[in-house]
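To find a chain, count down the sequence lines: A is the first, B the second, and so on, and within it residues start at 1.
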There are 2 protein chains.
Amino acid sequence: MAVTLADVATRAGVSAATVSRVLSGNYPVAGATRTRVMRAVEELQYVVNGPASALAAATSDLVGVLVNDIADPFFGIIASAVQGEMGTGVQGGSGGQKLAVVCNTGGSTESELTYLTHLQRQRAAAVVLTGSGVEDEKHGAALATRLRRLAAGGTRIVLCGRPPLAPPGQKEGQESQEARERGQDHGQGQGQEQDPERAHGREAARTPPDEGEPAPAPGDGIVTIAFDNRGGSRRLTEHLLSLGHRSIGYVTGPADRTTTRDRLEGHRLALRAGAPELLAQAEQFTVHGGAYDRSSGYDGALELLRRVPDLTAVLAANDTVALGICAALRDQGLRIPEDVSVAGFDDLPFSADASPTLTTVRIPLHDAGARAGRLALGRETPPPGGVATVRTELMARGSTAPPSGRRA
Amino acid sequence: MAVTLADVATRAGVSAATVSRVLSGNYPVAGATRTRVMRAVEELQYVVNGPASALAAATSDLVGVLVNDIADPFFGIIASAVQGEMGTGVQGGSGGQKLAVVCNTGGSTESELTYLTHLQRQRAAAVVLTGSGVEDEKHGAALATRLRRLAAGGTRIVLCGRPPLAPPGQKEGQESQEARERGQDHGQGQGQEQDPERAHGREAARTPPDEGEPAPAPGDGIVTIAFDNRGGSRRLTEHLLSLGHRSIGYVTGPADRTTTRDRLEGHRLALRAGAPELLAQAEQFTVHGGAYDRSSGYDGALELLRRVPDLTAVLAANDTVALGICAALRDQGLRIPEDVSVAGFDDLPFSADASPTLTTVRIPLHDAGARAGRLALGRETPPPGGVATVRTELMARGSTAPPSGRRA
DNA sequence: CTGTTAGCGCTTTCAC
DNA sequence: GTGAAAGCGCTAACAG
């Protein structure tokens, strides 16, 4: 089990320090010596002892990636992109490569905290938290504290796909409340988001862009790549409205998630602007799904049909839920989109191949994940204010069409 | 960044050794002392330094999970199951929990080796290699050597979804060659696999089952959970044959993968047994896809249609490829299954919801992954011979039907 | 350019 | 039961 640095040193006839220098490569060493050392390494099949070097150097090459559900392609794609930036690709070298640790929280807040502890134990170089956060007052505070402590300890923190942390002193949710208000008067619903950044205008204005060196982000150094869920959802509902739908159901994601809230808000904003008369009965048209999964969509659609027999369109929390909705509708003998239109969210790979092809909102998951990865490595300058909002794009496809008045 | 064991010790008025004992819990400590220590830990927000303890204890709590493509649900499901066994769930404790590190190799052999090095550096407690291995003579040897060295160093190795390593002295591929021969006369094609274990009969016979203590597996201690790809594929083709198809195309996965080979073999076995006259033109009906992805299916189907205009059925390397095939077929104005039947493999979640629902072969990915996880932790006794083969099940659904003689 | 010298923070005998 | 002390294997100043 052994073979240590010292063994290599002896074998090569040099000191341990020299071997260390050769291996880490960040120090001048004579060519001949280097060769000799390398040969000894080869012969002895020496492999660095990670823990020992992490201890001595007080740094580790671990980067944690927290995901809510690794079996869900939404997270798989992001995780894959993050990892793609770690440089452990084909280049085989031994340079500054990091090891991305994908941690599956299952959406549980405790699990999230537990993993954070693990990563803190390992003195992780960075942590990327992906996807929807949980909207719990208590957890939010605990999480924020923990993250800031980690950041203070030198671990880079990147949030990807969730809103930025509320500022320290501030009450949970207050920030988003404000953004919500502003949301009402932004965008005219013509597909193109005018300025997603404005949703976090105040944050963004706080500090001027850092130029040059990949510096720690402003404020607490925690960087955020948010998704414009609200805007995308709004445009999606506008699309339905413009097709002539007036009986639009909505199957949401889990109640306490930021993503769920934002998407629902976007939907309501569109209604308010384009068909305010529908707002009164909004609750009746909304089913709160228990999870971002297929069965949640299946059951939700059934419930919706029960409540609103003349439904002409259903919006889903995401593409997977939409698939479940489609299955339920079909089982009820309804055709898509002739009888009922269906739309998802995320534009996962299977959505373009579904039958009919699924209307949805595209989030550039891969790009966002890659950027998060670069940020985590400090290879990219953080956006001004530490927050960037990623645009989303309406993908109008075959599963939505004008209502045909099947019954009524 | 600090707060060390010593700080806690001082605060609690005990020695560092005592704090260590309290924290690891595997040593008698007076109740009062324990309480005092715990309080100090709380107050100081102490978090163990992983590298330091790993160095001192010469063990780590990392478990590596190598996957070919984390964005593919096939791997996501397995990884999720493995991680589910690590016990980092809600139980929050600090006991023998392990941290599962999901590593995305992208199917690259170098990347696989690189990750193994990283993991070895970290002195990982176990490594789980999932999915199809690459059939390269050179790589196979390098990988086997590396794996055995890791195993010798105390790291548990589990292969999940790929065939067992060839015995040390033996030539690559020889083992499977033999199994292949035997495959020809096993099973009468009636859906139920008679005895998948027989495929590795020789291995299995080598050593009697270990009872009692989760002992290191027999032989080199490397445990394998293989999937019965060949049997499943065979039954799938039999299904098509029994529906009356005689013009069956096949879009394979990447050429050098064990999974690709096994599934193709199963297909050929079924043909040989049920419709030997088709064997002669088999090559013409086979398109070698470049990857396990959608576009590979799309392009493959187009090519197949070009070669064989009167095609009545297409088999896909997996479900994702099948989706691409469906898309291509539809784009050509063909109906599924009326004009052409399509079948996939794996039974990923979306397959049951596809339209039409996809005929495929189910692999119990979650169960297999969970078992691999338990094996990796030494919480389950290895199967006799160190190899278990997981059964696969034909899921006949809506995408396959008798040929209708659309044209001829 | 290379060797020497201290630790990094924790675990673990070995005494008390 | 608890403390003292000796490293685990490596890195990072310092000297040469």
Side-chain angles (χ1 to χ4, degrees), chain A residues 1-38 40-41 44-62 94-96 118 120-125 153-154, chain B residues 1-38 40-41 44-61 94-96 118 120-124 153-154:
Chain A
M1 183 55 207
V3 53
T4 72
L5 235 209
D7 298 333
V8 178
T10 311
R11 182 97 148 120
V14 298
S15 76
T18 301
V19 178
S20 171
R21 293 196 264 253
V22 169
L23 260 16
S24 48
N26 47 20
Y27 209 86
V29 174
T33 320
R34 143 170 285 109
T35 321
R36 210 137 34 85
V37 170
M38 289 313 259
V41 168
L44 264 35
Q45 304 263 34
Y46 172 70
V47 175
V48 185
N49 181 318
S53 81
L55 172 58
T59 64
S60 118
D61 58 357
L62 248 49
S94 56
H118 271 271
Q120 191 174 353
R121 262 209 229 322
Q122 303 297 331
R123 302 301 188 254
Chain B
M1 184 55 205
V3 54
T4 70
L5 235 210
D7 299 334
V8 177
T10 310
R11 182 95 148 120
V14 297
S15 75
T18 302
V19 178
S20 171
R21 294 197 262 251
V22 169
L23 261 16
S24 49
N26 48 20
Y27 207 86
V29 175
T33 319
R34 145 170 283 110
T35 321
R36 210 137 34 86
V37 170
M38 288 314 258
V41 167
L44 264 33
Q45 303 264 35
Y46 171 69
V47 176
V48 185
N49 181 317
S53 81
L55 172 57
T59 64
S60 121
D61 56 358
S94 55
H118 271 272
Q120 191 175 355
R121 262 209 228 326
Q122 302 298 331
R123 303 298 188 257

- Query: Do B:Met38 and B:Leu23 come within less than 4.5 Å of each other through their side chains, counting heavy atoms only?
  - Reply: yes

- Message: Please compare A:Ser20 and B:Ala56 by the position of their nearest nucleotide in DNA chain D and report the one closer to 5'.
- Response: B:Ala56

- To the nearest 0.5 Å, what is the distance between CD (B:Gln120) and CG (A:Asn49)? 10.5 Å

- Task: Send over the distance from A:Asn49 CG to D:dC8 P, rounded to a whole Å.
- Result: 12 Å

- For B:Ala17, all residues meeting side-chain contact (heavy atoms from CB on, under 4.5 Å), sequence neighbours excluded: B:Ser15, B:Arg21

- Query: Starting at CZ of B:Arg121 and ending at C1' of D:dG9, how long is that distance when rounded to a whole Å?
  - Reply: 14 Å

- Message: If I take atom CG in residue A:Asp61 and atom P in nucleotide D:dC10, what distance separates them, rounded to the nearest angstrom?
- Response: 14 Å

- Atom CG of A:Leu55 and atom P of D:dA12: how far apart are they, to the nearest Å? 11 Å

- Does B:Ser24 reach the main-chain N or O of B:Ser20 with its side chain, forming a donor-acceptor pair under 3.5 Å? yes

- Message: I'd like to check B:Val19 versus B:Val22 (side-chain heavy atoms, cut-off strictly below 4.5 Å). Are they in contact?
- Response: no

- Query: Rounded to the Å, how far apart are A:Arg123 CZ and C:dC8 C1'?
  - Reply: 11 Å

Taking N or O atoms only and anything under 3.5 Å, show me the protein contacts with nucleotides 1-4 of chain D, one pair per line.
from	atom 1	to	atom 2	distance (Å)
D:dT2	OP1	B:Thr33	OG1	2.3
D:dT2	OP2	B:Ala30	N	2.8
D:dT2	OP2	B:Thr33	OG1	3.4
D:dG3	OP2	B:Ser15	N	2.9
D:dG3	OP2	B:Ser15	OG	3.1
D:dG3	OP2	B:Thr18	OG1	2.6
D:dG3	N7	B:Arg21	NH2	2.6
D:dG3	O6	B:Arg21	NH1	3.3
D:dG3	O6	B:Arg21	NH2	3.3

- Query: Can you check whether A:Gly50's main-chain N or O pairs, donor with acceptor, with B:Arg121's side chain at less than 3.5 Å?
  - Reply: no

- Item | Distance in angstrom units between A:Gln120 CD and C:dG9 P, rounded | 14 Å

